[in-house]
Amino acid sequence: METQLDLLTKECVSYTKNGNVADYIPELSKADPGMLGAYMIAEDGSEFFSGDYMQPFTIQSIVKTILLLQALIDNGVEAVSEKVGMEATGKPFDAINVTEQKLDSRHLNPMVNMGAILMCTLIAGNTYEERFSRVLELTRILSGNPTIDIERKVYLSEKTYGSKNRALAYLLKANGMLADDVEEVLDCYFQACSISVTCKDLANIGVVLANRGRRPGGDEFIVPEEYARYVNATLITCGMYDGSGEFALRVGVPAKSGVGGGIMAIAPARMGIGIFSPALDEKGNSVAGIQLLEKISRQFKLSIF
Ligand code: GLU
């Protein structure tokens, strides 16, 4: 299987030319647009990797899955569902106009910025620093990698150039949906987006979700089965921003992308896949990454549809 993955990766490298590295956060613009790497961890524990799989990058929006999981762990499904909806917004990740009506919780989705910022307020902790520490700890547990930490330069860049996210957070506040201090909440969100990972880390988190909360070969639930199912379902409709419909057609598995160039794909009961390729399409999804996932999905018949 490794040679097949190598071959597919080589076939897709040229697609990196069709995208651009994110530059709205200056630190992200320093990534090498020509990179493409993949890591697959199957349900039986076997691992396959190819290309630039060792390159670290920031998790960005993929952390929204972990923010949602932590919020579910701390509050349960009912309380979380009261704060955020589950319908696709069909809008870009940082959209202000998610609705033409008065904003209410049903218009928010935890995979889109406003909903994800709100998830930070649901995480248990006396301070936002403590809340972030718990998100980091959950990331380490899910990935099985205790050395994971934030990339400080990206975090500072996010914080400095985060006007749009500030606007979104103040909009939540103006609508009575966010009681805490905006800067403190955003600091937790910015740090979470700046967690540095590799394809292997994403594959490890993905395979736990693919196994509905368990590590391959293990009986112990790292996260409750119901919460893994909740996250996977949300990803199908909204994980790839406003490109989720097309992704469902082309690849057909729950997945979450981030503007750092990562994609975490979850093939239920089969495998977790981590992809890295920082050249993005206009929706913020990795161009070569989606291309490679499409080929992997066809080759290994992963689509759930
Ligand atoms: N830090 C990014 C932001 O909120 C995450 C965006 C993303 O990956 O979609 O601006």
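For ligands, and for the atoms within them, numbers begin at 1 and follow the listed sequence.
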(request) Side-chain contact test, heavy atoms from C-beta onward, threshold under 4.5 Å: evaluate it for Met111 versus Ser61 and give yes or no. (result) no
(message) Could you work out, for atom 3 (C) of ligand 1, the closest of Tyr161, Tyr24, Phe190 by heavy-atom distance?
(response) Tyr24
(message) Please determine whether the number of non-hydrogen atoms from other residues, nucleotides or ligands lying under 6.0 Å from atom CZ of Arg229 exceeds 12.
(response) no
(message) I'd like to know whether CD of Glu11 has more than 12 heavy-atom contacts from other residues, nucleotides or ligands below 6.0 angstrom.
(response) yes
(message) Contact between ligand 1 and Asp94 is defined here as a heavy atom of the residue under 4.0 Å from a ligand atom; is it met?
(response) no
Residue [X] vicinity, atoms of ligand 1 by number, heavy atom under 4.0 Å:
X	result
Gly258	8 (O)
Asn165	3 (C), 4 (O), 10 (O)
Tyr241	7 (C), 8 (O), 9 (O)

Any nitrogen or oxygen of [X] lying under 3.5 Å from a nitrogen or oxygen in ligand 1? Just yes or no.
X	result
Ser257	no
Val259	yes
Asn113	yes

(message) Below 4.0 Å, non-hydrogen atoms only: which portion of Ile62 touches ligand 1? Side chain, backbone, both or neither.
(response) neither
(message) Below a 4.0 angstrom heavy-atom separation, can you tell me which part of Glu158, side chain or backbone, both or neither, approaches ligand 1?
(response) side chain
What's the shortest distance from [atom] to any protein heavy atom, and which residue and atom give it?
atom	result
atom 7 (C) of ligand 1	Ser61 OG, 2.8 Å
atom 5 (C) of ligand 1	Gln60 OE1, 3.2 Å
atom 4 (O) of ligand 1	Tyr189 OH, 2.7 Å

(message) For the residue pair Asp201 / Thr198, report whether a side-chain donor-acceptor contact shorter than 3.5 Å exists.
(response) yes
(message) Check this for me, if you would: do Lys283 and Asp281 make a salt bridge, where the nitrogen-to-carboxylate-oxygen distance has to be below 4.0 angstrom?
(response) no
Answer yes or no: is there a donor N or O on one side and an acceptor on the other, between the side chain of [X] and the main chain of [Y], under 3.5 Å?
X	Y	result
Ser157	Glu27	yes
Arg140	Ile148	yes
Asn285	Met240	yes

